[in-house]
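Written below as structure tokens is the structure these notes are about.
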Amino acid sequence: MPSNQRSAGVRKVGALRRLLHLTCGFSGALACVFLFLTGALILSQVVARMLGGMVPSAIDLAAFCMAASTFLGLAYTFRDRAHIRVLLALHRLPHRGRRIAETFNFAAATLLFGYLAYMLGDMAWVSYDFGDMSIGLVPVPLWIPQTALTFGAGVATAVLFDETCSLVAGGSGRFNEVDLDANPGGPVSQEL
């Protein structure tokens with residue numbers, strides 16, 4: 001492949017990664033907003049009960065916000081290497097075995113999250129199509145919170161796919177640069 005075609009391909013991948021980075025940031029910001037709304041709804045319900053009143057459907061809305069915050073935060077926390085990983089087995093593998101195991105793990109996670117995103121999207125579409133509403137005092141169309149879950153799972157799928165492609169192409173993968181290479185002997189050998 002000529003070098004000008006290769007550099008054009010690298011620029012396109014770089015642009016896609018920047019777009020994915022921005023999408024992860026947007027998703028993370030939305031997760032923060034929904035987490036704040038969860039706390040505000042719960043606090044308003046507590047204060048209202050202390051004053052002898054209530055906030056209609058506060059618990060239902062807080063649950064929707066919490067679910068949205070969880071799913072929208074998945075890609076952002078993965079991108080910033082904030083997910084908890086169990087590396088006990090990976091630390092004991094040779095470098096080539098680690099690469100194979102990591103590639104398999106990320107490919108499997110990509111497929112699982114892709115399926116989850118598809119099923120959540122289908123569920124949101126069916127809810128929209130049938131006009132499903134929540135059963136609280138304030139009826140909320142169910143497709144609205146389900147769309148947030150779908151978007152979060154979709155962005156997480158894209159991030160996992162990018163990581164898988166990076167590993168398949170021979171890169172170290174963003175997530176591995178810190179975890180495995182920082183302490184190749186594992187936590188046990190560091191203590192000994």
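Throughout, residue positions are numbered sequentially from 1 according to the sequence presented. Atom set for the values below is all heavy atoms of this structure, side chains included, hydrogens, waters and symmetry mates excluded.
Sorted by first and then second residue, the side-chain hydrogen bond (donor to acceptor under 3.5 Å, both in side chains) pairs with a member in residues 116-144 read Ser127-Gln146; sequence neighbours excluded.
Contact between Ala158 and Leu20 at its shortest, heavy atoms only, is CB-CD1, 3.7 Å. For the pair Thr38 and Met66, the tightest heavy-atom approach, listed with the atom from each and the gap, is OG1-N, 3.3 Å. The minimum heavy-atom distance linking Gly154 with Ala117 is given by the pair N-CB, 3.8 Å. Here the shortest heavy-atom pairing between Pro141 and Met133 reads CA-SD, 3.5 Å.
Cluster annotation: Leu116 and Leu74 are assigned to the same hydrophobic cluster (Ile/Leu/Val/Met/Phe/Trp/Tyr, side-chain heavy-atom contacts under 4.5 Å, transitive). Both Val140 and Leu142 are members of a single hydrophobic cluster when ILVMFWY side chains are connected at heavy-atom separations under 4.5 Å.
To the nearest 0.5 Å, the span separating CD1 on Ile135 from CG on Asp60 amounts to 7.5 Å. Taking SG from Cys165 and CZ from Arg17, the interatomic distance works out to 8.0 Å, rounded to the nearest 0.5 Å. For the atom pair CG (Asn105) and CD (Glu163), the distance works out to 11.5 Å, reported to the nearest 0.5 Å. Summarising the geometry, atom CZ belonging to Phe78 is positioned 9.0 Å from atom CG belonging to Asp162; distances are rounded to the nearest 0.5 Å. One finds the CZ atom of Phe113 at 10.0 Å from the CG atom of Leu120 (value rounded to the nearest 0.5 Å).
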Please table the atom pairs, donor to acceptor, closer than 3.5 Å between any side-chain atom in residues 49-59 and protein atoms at least two apart or in another chain.
residue	atom	partner	partner atom	Å
Ser57	OG	Leu137	N	2.9
Ser57	OG	Val138	N	2.8

Determine all donor-acceptor pairs shorter than 3.5 Å in which one atom belongs to a side chain in residues 23-36; sequence neighbours excluded.
residue	atom	partner	partner atom	Å
Thr23	OG1	Leu19	O	2.8
Ser27	OG	Leu72	O	2.5

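Legend: residues meeting side-chain contact (heavy atoms from CB on, under 4.5 Å) with Ala67, ordered by chain and number and at least two apart, are Leu149. Contacts of Thr164 classified as side-chain contact (heavy atoms from CB on, under 4.5 Å), with partners at least two apart in sequence or in another chain: Phe106, Ala107, Thr110, Val168. In this structure Leu41 satisfies the side-chain contact (heavy atoms from CB on, under 4.5 Å) test together with Leu61, Ala62, Cys65, sequence neighbours excluded.
Formation of a donor-acceptor pair under 3.5 Å by the Arg79 side chain with backbone atoms of His21 is found in this model.
Counting non-hydrogen atoms of neighbouring residues, nucleotides and ligands closer than 6.0 angstrom, the OH atom of Tyr76 reaches no more than 12 such neighbours.
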>> Apply side-chain contact (heavy atoms from CB on, under 4.5 Å) to residues Thr150 and Phe71 and explain how you reach the verdict.
In response: CA-CA 8 Å; Thr150 303; Phe71 274 79; over 6 Å; no
